[in-house]
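Just below is one structure, and these are the notes that go with it.
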Amino acid sequence: MGFNENLKEAMYCKNLTTMELAARSGINSGTISNYLKTKGSMPPADKALKLAQALDVSVDFLVNGFDSRTESSIKQKSPFPIEVYKIAQDMTELDKDEISAIGEVVKVMKKKA
């Protein structure tokens with residue numbers, strides 16, 4: 001996963017909007033929006049650090065994906081198992097039809113439970 005996907009994931013886990021993250025990090029919301037939209041784009045180190053601190057994740061997570069600190073934080077604060085977040089992160093690469101198919105599989109599984 002790239003920086004933009006990891007940033008989206010951290011924001012989702014912390015339930016933060018772009019505006020809220022901008023207020024916490026001191027980085028302009030437009031700049032954050034650009035990081036979220038541009039695949040392969042990396043902010044300067046000082047901004048990556050500010051974003052990581054505002055999201056309570058490591059810079060390593062924003063650059064490389066899940067790490068033990070992030071998993072621990074999610075486990076403490078989320079009603080969902082960590083596997084749900086990992087699956088959601090993997091799904092960012094899928095197209096609309098593939099995501100829809102997965103939704104149908106989940107519906108079938110829920111009926112069997």
State the [atom1]-[atom2] distance between [X] and [Y], to the nearest 0.5 angstrom.
| X | Y | atom1 | atom2 | value |
| --- | --- | --- | --- | --- |
| Tyr12 | Leu7 | OH | CG | 15.5 Å |
| Leu55 | Leu16 | CG | CG | 6.0 Å |
| Leu49 | Ser58 | CG | OG | 10.5 Å |
| Glu98 | Ser100 | CD | OG | 10.5 Å |
| Ile27 | Ser33 | CD1 | OG | 12.0 Å |

Requested in this report: Identify the heavy atoms of Val57 and Ala10 that sit nearest to each other, and give their distance.
Outcome: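 Minimum heavy-atom separation between Val57 and Ala10: CG1-CB, 4.3 Å.
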Report task. Write down the atom of Leu62, the atom of Ala48, and the distance for their closest heavy-atom approach. Result ->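 The answer is CD1-O, 3.8 Å.
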Requested in this report: Report the C-alpha separation of Lys8 and Glu5 in whole Å, then their side-chain angles, then the decisive distance to 0.1 Å, and conclude whether the salt bridge (Lys or Arg N to Asp or Glu O under 4.0 Å) test is met.
Outcome: CA-CA 5 Å; Lys8 285 178 197 174; Glu5 291 97 353; over 6 Å; no
Query - Leu51 and Phe3, any side-chain heavy atoms less than 4.5 Å apart - result: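 Result yes, sub-4.5 Å side-chain heavy-atom pair found.
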**Report entry** In one Ile/Leu/Val/Met/Phe/Trp/Tyr side-chain cluster, 4.5 Å: Met19, Leu36
**Finding:**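 Different hydrophobic clusters.
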Report task. Hey, could you give me each pair passing salt bridge (Lys or Arg N to Asp or Glu O under 4.0 Å) that has a residue in residues 41-52? Not counting sequence neighbours. Result ->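 Every pair satisfying salt bridge (Lys or Arg N to Asp or Glu O under 4.0 Å) with a residue in residues 41-52: there are none.
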Report task. Please check if atom CE in Met42 has more than 12 non-hydrogen atoms from other residues, nucleotides or ligands closer than 6.0 Å. Result ->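 Yes, CE of Met42 has more than 12 neighbouring heavy atoms, counting only those of other groups under 6.0 Å.
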Report task. Kindly state each residue pair satisfying side-chain hydrogen bond (donor to acceptor under 3.5 Å, both in side chains) with at least one member in residues 17-29, sequence neighbours excluded. Result ->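 Listed by first then second residue: Thr17-Glu20.
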